[in-house]
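Just so it is clear, the values below take in all heavy atoms, side chains as well, and ignore hydrogens, waters and symmetry mates. Residues take their numbers from the sequence shown, with the count starting at 1.
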Amino acid sequence: MHNHGYGRVRIEFRVPSRGLIGLRSQLLTDTRGTIVMNSLFDGYTEWQGEIPHRLTGALVADRPGVTTSYALWNLQERGELFVGPGVEVYEGMIIGENAKDNDLDVNVVREKKLTNMRASTADEAIRLVPFRQLNLEQAIEFIADDEFVEVTPKSLRLRKKTLQANKRKKSAMATVEES
């Protein structure tokens with residue numbers, strides 16, 4: 001680390017290439033966009049161990065359909081969303097990041113039940129927090145061992161390796177028993 005005294009600090013690291021995934025976006029956030037980053041290949045070394053991954057879980061769609069504002073509005077408090085209203089989803093698709101450390105199957109296609117009875121309070125306007133649109137690097141950084149990134153010409157999606165929720169739970173139980 002070299003501080004030259006003119007407001008910039010030069011830091012040199014030896015980092016494996018797999019450790020650079022997601023580092024640039026994190027450093028841009030930490031330095032408020034003032035980082036200048038460069039990397040050079042330094043050679044091959046022995047395996048140094050695992051690199052820690054995210055500490056949060058995923059919000060996973062539990063059925064196919066089109067997302068609704070009403071369903072997303074109810075899910076905002078569970079975590080950060082990656083999709084907005086009107087998006088076609090399928091079972092096993094990751095639609096957000098859970099604030100807790102476990103994966104949560106959620107219904108993002110739920111619609112508000114309409115009746116012809118009028119309530120004394122008018123329906124409140126639904127205000128959604130803007131969703132986080134992931135780029136490819138952020139998506140690769142986000143995924144865990146049991147998840148994939150799907151890249152198509154029109155979209156970038158995250159999904160579980162096993163799409164059906166009941167099969168995911170069975171495979172998770174089998175891996176726990178093996179350990």
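Formation of a donor-acceptor pair under 3.5 Å by the Glu111 side chain with backbone atoms of Tyr70 is not found in this model. A donor-acceptor contact shorter than 3.5 Å links the side chain of Gln48 to the backbone of Glu46. For Ser155 (side chain) and Thr152 (main-chain N/O), no donor-acceptor pair under 3.5 Å exists by modelled atom type. Looking only at distances, a side-chain donor or acceptor of Thr67 sits under 3.5 Å from a matching main-chain atom of Val87. Judged by distance alone, with hydrogens and angles left aside, the side-chain atoms of Glu80 form no donor-acceptor pair with the main-chain N or O of Arg132 at under 3.5 Å.
Leu134 is connected to Ile140 through a chain of hydrophobic side-chain contacts under 4.5 Å among Ile, Leu, Val, Met, Phe, Trp and Tyr, so both are in one cluster. Val15 and Leu27 fall within a single hydrophobic cluster, where Ile, Leu, Val, Met, Phe, Trp and Tyr are joined by side-chain heavy atoms under 4.5 Å apart, directly or via other members. Residues Val9 and Leu28 share a hydrophobic cluster, clusters being chains of Ile/Leu/Val/Met/Phe/Trp/Tyr side chains in contact below 4.5 Å. There is no path of hydrophobic side-chain contacts, each under 4.5 Å, that joins Val151 to Phe148. Both Leu59 and Tyr90 belong to a common hydrophobic cluster when Ile, Leu, Val, Met, Phe, Trp and Tyr are linked at side-chain heavy-atom distances under 4.5 angstrom.
Cluster note: Tyr44 groups with Phe41 through ILVMFWY side-chain heavy atoms spaced under 4.5 Å, whether in direct contact or through intervening members.
Applying the salt bridge (charged side-chain N to carboxylate O under 4.0 Å, His left out) definition to pairs two or more places apart or across chains, those involving residues 141-151 are Arg54-Glu147, Asp146-Lys160, Glu147-Lys160, Glu150-Arg157, Glu150-Arg159. Every pair passing salt bridge (charged side-chain N to carboxylate O under 4.0 Å, His left out) that includes a residue from residues 6-19 is listed here, sequence neighbours excluded: Arg10-Glu12, Arg14-Asp42.
Of the candidates Leu104, Asp103, Val109, Leu104 is the only one forming a side-chain contact (heavy atoms from CB on, under 4.5 Å) with Val106.
No more than 12 heavy atoms of other residues, nucleotides or ligands shown are found within 6.0 angstrom of NZ on Lys100.
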Side chain to side chain contact (heavy atoms under 4.5 Å, CB included), that's the test. Do Met37 and Leu20 meet it? Break it down for me. CA-CA 11 Å; Met37 187 170 161; Leu20 294 175; 4.2 Å; yes

Go through the steps to decide whether Leu158 and Ile143 satisfy the test side chain to side chain contact (heavy atoms under 4.5 Å, CB included), and finish with yes or no. CA-CA 8 Å; Leu158 304 174; Ile143 62 170; 3.7 Å; yes

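For the atom pair Asn38 CG and Ile35 CD1, the distance stands at 11.0 Å (nearest 0.5 Å). For the atom pair CD of Gln76 and CG of Leu128, the computed distance is 5.0 Å after rounding to the nearest 0.5 Å. The distance from atom CG of Leu72 to atom CZ of Phe131, rounded to the nearest 0.5 Å, is 9.5 Å. In this structure, the separation between CG on Leu55 and CG on Asp101 is 8.5 Å, given to the nearest 0.5 Å. Here Asn107 contributes atom CG and Thr68 contributes atom OG1; the two are 7.5 Å apart, rounded to the nearest 0.5 Å. Distance CD/Glu97 to OG1/Thr56: 3.5 Å, rounded to 0.5 Å.
Using a 4.0 Å cut-off between a side-chain N of Lys or Arg and a carboxylate O of Asp or Glu, Asp105 and Arg168 qualify as a salt bridge.
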